[in-house]
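Reviewing the structure listed below.
These numbers were taken from a predicted model, which means no experiment stands behind them.
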Amino acid sequence: MINILVTGANGQLGNELRVLAALHPHLQYTYSDRAELDITNLDDVLAFFAEKNFAYCINCAAYTAVDKAEQEQELSFAINARGAAHLAQACAAHQATLIHISSDYVYHNTLNRPLQEEDPTTPQGIYAQSKLEGDELAIRHNPNTLVLRTSWVYSSFGHNFVKTMLKLGTERPELRIVYDQVGAPTYAADLAQVIVELIHSGKAKSNSGIYNYSNEGVTSWYDFARAIFAWSGIACRVLPIESKDYPTPASRPHYSLLNKAKFKTTFGLEIPHWQDSLIACLTLLGAKK
């Protein structure tokens, strides 16, 4: 039996991991959210780990309110940076592997090509800065850490772009969506499947470091919205706008397409195309026409 701690277990990825749990009975999960474990408190984290013999910790806990983070800087760094450090320290003390979920926002450079793990990181805004610090602290405190940087996460669970579009698309005749932010959506169910496979195969334990992961393909938020409406039969009109026409407190990366060559070479796993995964999610939500 392999004991696994999942933090932030009530979020999109945590819920997708719950779905997969029944398929792998040799993996024993302990699910925690803030009510069960405050990762911002090191003493609490160390005591929690002392109670069970965790072989892995999947850190899905994160402060993800990108704009609100500009006003809640302390909380953002407490969860995204120090929380990751605390989990890494506890993992190191118990010879456990930390699988830490990170973000494309940490890059935010001007290379305008698929981003590699070794590329410069120039995070803009508190959320992005706190996520990068979390990556660095996690690796520093526990060399046996695998960081998965991902982008544009959505799921049938929780709040996300896909579910927001399905709701607004039925309420409004038209929506204005930015077309100059380019990347790739990530279906949380696919990411969860990958994590479980890396644990099941033992490859997560033997391949520490930073890896990019998103679904295959490339799109913009504008084209993503159009695809959602096309496949769900929603007649809402989508108008393309520039980011400058939709100002936000925190800056968004204009180009955050992730190069996944390192991930595919190291782990030998195929990655679904974002269109196929979107159809799967819409079908699960009962929205596919």
Side-chain angles (χ1 to χ4, degrees), residues 12 64-70 103-115 119 122-125 127-128 131 149-191 212-260 271-289:
Q12 296 183 88
T64 58
V66 176
D67 292 324
K68 197 175 179 181
E70 297 300 308
S103 169
D104 61 302
Y105 273 63
V106 304
Y107 294 109
H108 208 137
N109 54 41
T110 57
L111 293 175
N112 292 321
R113 58 153 174 76
L115 301 169
D119 282 337
T122 54
Q124 308 294 309
Y127 165 75
K131 288 300 293 181
R149 288 176 175 164
T150 190
S151 61
W152 300 21
V153 178
Y154 69 95
S155 167
S156 61
F157 298 100
H159 302 286
N160 54 67
F161 184 79
V162 172
K163 293 174 76 173
T164 297
M165 289 300 101
L166 291 174
K167 179 178 184 295
L168 294 181
T170 58
E171 296 174 348
R172 303 179 187 180
E174 67 178 32
L175 291 171
R176 300 175 184 273
I177 308 293
V178 295
Y179 74 90
D180 57 353
Q181 293 175 24
V182 175
T186 303
Y187 185 23
D190 293 336
L191 180 55
N212 291 333
Y213 180 90
S214 68
N215 282 120
E216 294 282 32
V218 57
T219 191
S220 67
W221 289 110
Y222 163 77
D223 289 303
F224 192 22
R226 282 176 54 87
I228 293 167
F229 294 151
W231 287 323
S232 58
I234 294 175
C236 181
R237 184 185 180 197
V238 186
L239 303 177
I241 62 171
E242 295 181 51
S243 297
K244 66 179 179 61
D245 298 322
Y246 187 75
T248 55
S251 175
R252 267 66 171 172
H254 280 276
Y255 194 93
S256 61
L257 184 65
L258 299 173
N259 184 319
K260 299 172 287 289
I271 302 176
H273 194 278
W274 72 263
Q275 294 180 351
D276 297 327
S277 293
L278 174 60
I279 290 172
C281 183
L282 291 174
T283 301
L284 190 61
L285 289 168
K288 177 71 170 66
K289 68 175 182 181

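- Checked by atom type and distance alone, the side chain of Glu70 never pairs as donor or acceptor with a backbone atom of Pro249 at under 3.5 Å.
- Counting all heavy atoms, side chain and backbone alike, Asn109 lies closest to Leu111 at OD1-N, 3.3 Å.
- Summarising the geometry, atom NZ belonging to Lys289 is positioned 8.0 Å from atom OG belonging to Ser232; distances are rounded to the nearest 0.5 Å.
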Stepwise side chain to side chain contact (heavy atoms under 4.5 Å, CB included) test for Thr170 and Ile234: CA-CA 7 Å; Thr170 58; Ile234 294 175; 4.0 Å; yes
Intermediate values then yes/no, side chain to side chain contact (heavy atoms under 4.5 Å, CB included), Val182 and Trp221: CA-CA 7 Å; Val182 175; Trp221 289 110; over 6 Å; no
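- With values rounded to the nearest 0.5 angstrom, Glu216 atom CD is found 12.0 Å from Gln275 atom CD.
- More than 12 heavy atoms of other residues, nucleotides or ligands lie within 6.0 Å of NE2 in His273, so this atom counts as buried by the packing criterion.
- Remark: the backbone N or O of Ser243 is paired with a side-chain donor or acceptor of Asp180 at under 3.5 angstrom.
- Separating the CD1 atom in Ile228 from the CG atom in Asp223 is a distance of 11.0 Å, to the nearest 0.5 Å.
- Ring-plane geometry between Tyr222 and Tyr179 is classed as perpendicular, the angle between the planes exceeding 60 degrees on a 0 to 90 degree scale with a lower cut at 30.
- Using a 4.5 Å heavy-atom cutoff, the side chains of Tyr107 and Arg149 are in contact.
- Side chains of Leu278 and Pro185 form no contact here, defined as non-hydrogen atoms less than 4.5 Å apart.
- The backbone N or O of Val178 lies less than 3.5 Å from no partner atom in the side chain of Ser220, so there is not a single donor-acceptor pair.
- Minimum heavy-atom separation, Pro114 to Asp119: O-OD2, 4.3 Å.
- Exactly one of Asn215, Thr150, Asp104 qualifies for a side chain to side chain donor-acceptor pair (under 3.5 Å) with Thr186. That residue is Thr150.
- The main-chain N or O of Ala184 is found under 3.5 Å from a side-chain atom of Ser151 such that the two form a donor-acceptor pair.
- Ring geometry for Tyr105 against Tyr127 counts as perpendicular: the plane angle is over 60°, on a 0 to 90° scale with 30° as the lower cut.
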Stepwise side chain to side chain contact (heavy atoms under 4.5 Å, CB included) test for Leu282 and Val162: CA-CA 9 Å; Leu282 291 174; Val162 172; 4.1 Å; yes
Side chain to side chain contact (heavy atoms under 4.5 Å, CB included) between Ile177 and Leu239, intermediate numbers included: CA-CA 6 Å; Ile177 308 293; Leu239 303 177; over 6 Å; no
Stepwise salt bridge (Lys or Arg N to Asp or Glu O under 4.0 Å) test for Glu174 and Arg176: CA-CA 7 Å; Glu174 67 178 32; Arg176 300 175 184 273; 3.7 Å; yes
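- The minimum heavy-atom distance between Ala225 and Val238, with the atom names listed, is CB-CG1, 4.4 Å.
- Between Gly158 and Lys163, the shortest heavy-atom distance links the atoms O-NZ, 2.9 Å.
- Remark: Ile279 pairs with Trp231, Thr283, Lys288 by the side chain to side chain contact (heavy atoms under 4.5 Å, CB included) rule, at least two apart or across chains.
- Proximity of the aromatic rings of Trp274 and Trp152 is defined here by a centroid distance below 6.0 angstrom, and this criterion is not met.
- Test Tyr154, Tyr213, Phe157 against Tyr187 for ring-ring contact (aromatic ring centres under 6.0 Å, His included) and you get one pass: Tyr154.
- Separating the CZ atom in Phe229 from the CG atom in Leu166 is a distance of 7.5 Å, to the nearest 0.5 Å.
- Minimum heavy-atom separation, Gln124 to Thr122: NE2-O, 2.8 Å.
- Few gaps surround CZ on Arg113; more than 12 heavy atoms of other groups in view lie less than 6.0 Å from it.
- To the nearest 0.5 Å, atom CD of residue Glu171 and atom SG of residue Cys236 are 10.0 Å apart.
- Closest approach of Ser155 and Asn160 over heavy atoms only: O-ND2, 2.9 Å.
- In this structure, CG in Asp276 is found 13.0 Å from SG in Cys281, a value given to the nearest 0.5 Å.
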Worked verdict on Asp67 versus Arg252 for salt bridge (Lys or Arg N to Asp or Glu O under 4.0 Å): CA-CA 10 Å; Asp67 292 324; Arg252 267 66 171 172; 2.6 Å; yes
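- Of the possible polar contacts, one joining the Lys260 side chain to the Leu258 backbone as a donor-acceptor pair under 3.5 Å is found.
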